[in-house]
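The next block holds one structure in the form of structure tokens; read it before the comments.
Remember, it's a predicted structure, so these values are computed and weren't measured experimentally.
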Amino acid sequence: MSKTKKVISVVLAAALIMAMATVAMVSASAATTIYFEKPDAWDAAYAYIWDDVANNGWAGVMMTDCGDGLWSIDAEPGANIIFTNGTGGVGYQTADNVVPMDGSNCAYLDGGQAANGFGELFDSISWKTVETGEDETTTAASVETTVAEVETTVAEVETTVAEVETTVAEVETTVATEATEATEATIDETEATEATEATEATEATEATEATEATEATEATEATEATEATEGTTAAVVEGGIIVDGTDYTAEAGAEITYVANLKTPNKIEDVQGYITYDATKLTVVEAVTPNIYGAIINTGEAGTIYFNATEVNNGLDFTTEAALIQVKFTVVDGTNTEIALTIEEMTERNGGSYFTDSQQVNADVTVAETLTVPEVQPTGTTTVEPTGTTTVEPTATTVVDPTKAPVEDPTGITGTTPAEKPDTPPTGSTIAIYAVLATLAMAAAAVVVLRKKVNG
């Protein structure tokens, strides 16, 4: 692996060297030397150069005397340049010019008519081409030398690459041999390990299946017993409708009401925000601002309810906690969804913002979100659990002897005396007790009738 990386590094180095040579050739041909033909009336030529970054100060720096009336200076293409006689006097300067963008080092400014001391500028200024054979020859020679050096370096790099490739081939052969031997040894060990693991896995699976079957049977029996005793209730799914971190449960088809309450230290001038919800699980029925007159509410975009309100004169009063916005939804699917409020803007009447630098409502403002959902009703048999256990203690056991005449009740009623009327409505257990007593009374009356027929 390290040998391969070395080869890649060498190749990249060669590519870098070639790129540097190319840049050198391009740079040599993109000179920024500017030549100026000085008016005869000037003793010397100066250049004042400036751009967006810096300038060399008025009235410029002295240019280099190239002879034959030409003066030169290096300048960036696109920079502004004014040629002067260096005294800074009025009129001893050219107009503003811009260094040509073509990158040519053979351009110069024709001075034309000389400026006089009365502030008159040159009549015409033009960039022309001048032969600079000496510079071109020197540059060409330099480039040829650089190219020769690069070619030599590339040849050396190619030789090194060939040597490295030979070494890599030898290393790869050695690695392949060692890998084959290691793989064969690993295969033997792996087969033995896999056989052992397969046996252990089979035994563990069988034990697990037996345990799961037993647990499933026990769980099923317990579930059936529970359902038989308690009846069936509405299914409650974990992960219902989340509002401000609270999980609410609501059945499909139910109507729920979301309310966002707001409390501020002072009256506010405006408030703006939006409520997000899942339009595939909740349907908007109504959205209102019960404590704001003239608020604008937009429910046209599925999944988002926008609202905003402004009251410049009197302000919006939420110094006492009150509902900012109230929305009624119909539940399509009340699982794994959320209703959330975002306040984008809220300003005090004096113009101060209730937002911090991080665009969060500051600690002086209280926002409370709640959700009202209907109570989940049971579907199926409902078992009424008694509030307590009522034990009926019989006052005495009466045995009716068919050979004897019945005892006359002074109240005119024959049989067992009924229980007194309870002060409270009878519960399920009490009704059952009444039924038992009534049955006993009817049985006693039947015995008396039979006794009369026998004696009669």
Side-chain angles (χ1 to χ4, degrees), residues 1-36 47 49-54 56 61 63-68 70-81 98-109 127-191:
M1 181 65 71
S2 61
K3 298 290 185 180
T4 304
K5 289 183 177 179
K6 184 175 180 181
V7 172
I8 295 173
S9 299
V10 172
V11 173
L12 290 176
L16 179 60
I17 292 171
M18 295 178 68
M20 291 172 64
T22 303
V23 171
M25 288 185 287
V26 172
S27 299
S29 63
T32 56
T33 302
I34 301 302
Y35 294 89
F36 173 66
I49 303 172
W50 77 98
D51 54 23
D52 294 338
V53 178
N56 60 8
V61 297
M63 301 173 65
T64 301
D65 187 356
C66 300
D68 296 330
L70 290 180
W71 294 67
S72 68
I73 191 170
D74 291 338
E76 293 293 331
N80 298 289
I81 185 168
V98 178
V99 178
M101 296 297 295
D102 58 7
S104 172
N105 66 338
C106 298
Y108 78 101
L109 189 66
W127 293 97
K128 296 183 179 180
T129 301
V130 66
E131 295 296 332
T132 55
E134 181 179 354
D135 290 344
E136 292 177 351
T137 302
T138 302
T139 301
S142 176
V143 171
E144 289 176 357
T145 302
T146 302
V147 170
E149 292 174 351
V150 170
E151 290 176 348
T152 302
T153 303
V154 169
E156 294 174 351
V157 169
E158 290 176 348
T159 302
T160 303
V161 169
E163 295 174 352
V164 171
E165 288 176 346
T166 302
T167 304
V168 169
E170 295 174 353
V171 171
E172 289 177 346
T173 302
T174 303
V175 171
T177 302
E178 294 176 350
T180 301
E181 295 173 353
T183 301
E184 292 174 352
T186 303
I187 290 174
D188 294 337
E189 294 178 357
T190 302
E191 290 176 350

Item to complete: To the nearest 0.5 angstrom, please state how far the OG1 atom of Thr64 sits from the CZ atom of Phe36.
Response: 14.0 Å
Practice prompt. Measure from the side-chain N and O atoms of Asp51 to the backbone N and O of Val53, and report whether any donor-acceptor pair falls under 3.5 Å.
Written response: yes
Worksheet item: What's the shortest heavy-atom distance between Pro77 and Val99, and which atoms?
Response: CA-CG1, 3.8 Å
Worksheet, complete the sentence: Note: Ser72 and Met63 closest approach over all heavy atoms is O-CB, 3.3 Å
Practice prompt. Tell me, with the steps shown, if Thr167 and Glu163 meet side chain to side chain contact (heavy atoms under 4.5 Å, CB included).
Written response: CA-CA 6 Å; Thr167 304; Glu163 295 174 352; 5.5 Å; no
Fill in: Stepwise side chain to side chain contact (heavy atoms under 4.5 Å, CB included) check, Asn80 with Val98
CA-CA 5 Å; Asn80 298 289; Val98 178; 3.9 Å; yes
Worksheet item: With sequence neighbours left out, what residues match Val61 under side-chain contact (heavy atoms from CB on, under 4.5 Å)?
Response: Asn56, Ile73
Practice prompt. With sequence neighbours left out, write down each residue that passes side chain to side chain donor-acceptor pair (under 3.5 Å) with Asp74, or none if nothing qualifies.
Written response: Thr33
